[in-house]
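The structure appears below as structure tokens.
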Amino acid sequence: MIILGIESSCDETAAAVVVDGTTILSSVVSSQIAIHNPYGGIVPELASRKHIESIVPVVNEAIKTADIKLNQLDGIAVTQGPGLIGSLLVGFSFTKAYAFALDIPWTGVDHLEGHISSVFLESDPPPFPFVTLLASGGHTSIYYVKSHTDFELMGQTRDDAAGEAFDKVAKMLGLGYPGGGIIDKLAHEGDPKKINFPRAYIDKSAFDFSFSGIKTAVNRYIQNHKDGYKKQLSDIAASFQEAVVDVLSYKIINAAKKKDCKHIAIVGGVAANNRLRERIKKETANHNLVAHIPSLNLCGDNAAMIGAIGYHYLSKGTSSNMNDDVYSRIKPLS
Ligand code: KG4
Ligand code: ZN
């Protein structure tokens, strides 16, 4: 089945053509970072307007690069939620009209299920069941994945998401938006042991997260070192990153042990973090586990992952209809 995937939940307009949920024929991502950067975060109204401008050229580019004719498409998958309502509505309404015009089935899919499915676009997908850490700008959770469409939530953040903590700390340090990539780069030159920021394990045997405490600790450090903190940016970045990575790695390795899974996956924007990737590879090797981490272009928001999960619904005959609507908040996965 050839599926067109469409993603517009946040600050990327993306379209991709994917075959059978595994093979990417094209994946186009138009980022809005330059538009939101001056504000230090996403401005929802600007995001929706930019999606409206970008959606048609991005879809056309995806079809052209895939080198297919429109009548070869078997269906369309689009992000239905969670995300910014105005942004989601652009992709969702576009899909309704496009699928109607092409007379093909379409389905709304959950963005988080999309992120989890990104590992199936790689050459070494994990066998079921496996555990996955999903860490992005809006979400941080651990799932026990039983099939392509069956996910058991083991734990999630009680406050900020991991990516959100990276973004907020970067903003406090005056480094720009989005903060994850900037801190990752800066941390290379810093000493991760220099400052002992708190690790919030909450309950060491459970899988919930909390990142608001570390954000406050970094803020306090800045307030207490008003004159000197600017000379210590790389040490602060490295020490903060190390604290977050310690908690994420500990919890996902423990989740694998609890469920007796040999395979673990790390997905979402934060999975692009170099230190996290390095630590997960090392710790899985130490514990005789196998790590599956998507390539960088599949960690951040993209439409290939949406086409991948959409395939598993459309191929079973599950589709959406014109009365369906988008949703903003996280809902329990199927
Ligand atoms: O998955 P994603 O593109 O969008 C959401 O669904 O939220 O994730 C974006 C998040 C941002 O918070 C960004 O700062 C973070 O992923 N991120 C990173 C890195 N690259 C992106 N965090 C840590 N290290 C990185 N290299
Ligand atoms: Zn995402």
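When a ligand or atom number is given, it counts from 1 through the structure's own listing order.
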Between [X] and ligand 1, is there a nitrogen or oxygen pair with a distance under 3.5 Å?
X      : answer
His111 : yes
Gly268 : no
His139 : no
Gly137 : yes
His115 : yes
Gly300 : no
Pro178 : no

Residues Glu164 and Lys168 bridged, charged N to O under 4.0 Å: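 Salt bridge: yes.
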For residues 120-138, tabulate all N or O donor-acceptor pairs below 3.5 Å that involve a side-chain atom, not counting sequence neighbours.
residue : atom : partner : partner atom : Å
Glu122  : OE2  : Ser295  : N            : 2.7
Glu122  : OE2  : Ser295  : OG           : 2.7
Thr132  : OG1  : Ala265  : O            : 3.2
Ser136  : OG   : Gly138  : N            : 3.4
Ser136  : OG   : His139  : N            : 3.3

Which protein heavy atom lies closest to [atom], and at what distance to 0.1 Å?
atom                    : value
atom 21 (C) of ligand 1 : Gly269 O, 3.4 Å
atom 22 (N) of ligand 1 : Gly180 CA, 3.3 Å
atom 24 (N) of ligand 1 : Asn273 ND2, 3.0 Å
atom 3 (O) of ligand 1  : Asp301 N, 3.0 Å

For the student: nearest non-hydrogen atoms of Asn254 and Phe207, plus distance: C-CE2, 3.7 Å
I'd like to know if the side chain of [X] pairs up with that of [Y] as donor and acceptor (distance under 3.5 Å, no hydrogens or angles considered).
X      : Y      : result
Gln156 : Tyr143 : no
Glu283 : Ser249 : no
Ser320 : Lys96  : no
Asp11  : His51  : no
Ser210 : Asp159 : yes
Asn273 : Gln241 : yes

Plane angle bin for Phe211 and Phe209 - parallel if under 30°, tilted between 30 and 60°, otherwise perpendicular: parallel
Option whose closest heavy atom lies nearest to atom 5 (C) of ligand 1, chosen from Ser136, Gly83, Ala272: Ser136
Atom NZ of Lys146 with >12 non-hydrogen neighbours under 6.0 angstrom: yes
For ligand 1, the portion of Asp184 having any non-hydrogen atom under 4.0 Å away: side chain
Proximity to ligand 1 by part of Asp167, non-hydrogen separation under 4.0 Å: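 Looking at Asp167 and ligand 1, just side chain atoms fall under 4.0 Å.
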For the Zn ion (ligand 2), every protein N/O/S atom that sits closer than 2.8 Å, waters excluded: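 Under 2.8 Å from the Zn ion (ligand 2) - ignoring waters, which are not counted - the protein N, O or S atoms are His111 NE2, His115 NE2, Asp301 OD1.
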Contacting atoms of ligand 1, where contact means under 4.0 angstrom from a heavy atom of Gly163: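 Listed by number with element: 12 (O).
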For Gly138, atoms of ligand 1 separated by under 4.0 Å from a heavy atom: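 Under 4.0 Å from Gly138, ligand 1 has these atoms: 7 (O).
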Which residues share a side-chain hydrogen bond (donor to acceptor under 3.5 Å, both in side chains) with Asp203, sequence neighbours left out: Ser205
Sequence-distant partners of Arg49, salt bridge (Lys or Arg N to Asp or Glu O under 4.0 Å), two or more places apart: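 Testing Arg49 for salt bridge (Lys or Arg N to Asp or Glu O under 4.0 Å), a comparison that skips the adjacent residues, returns Glu45.
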Within 45° cone of Tyr250 ring axis and under 6.0 Å: Lys204 NZ or CZ: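 Geometry flag: set, cation within 6.0 Å and 45°.
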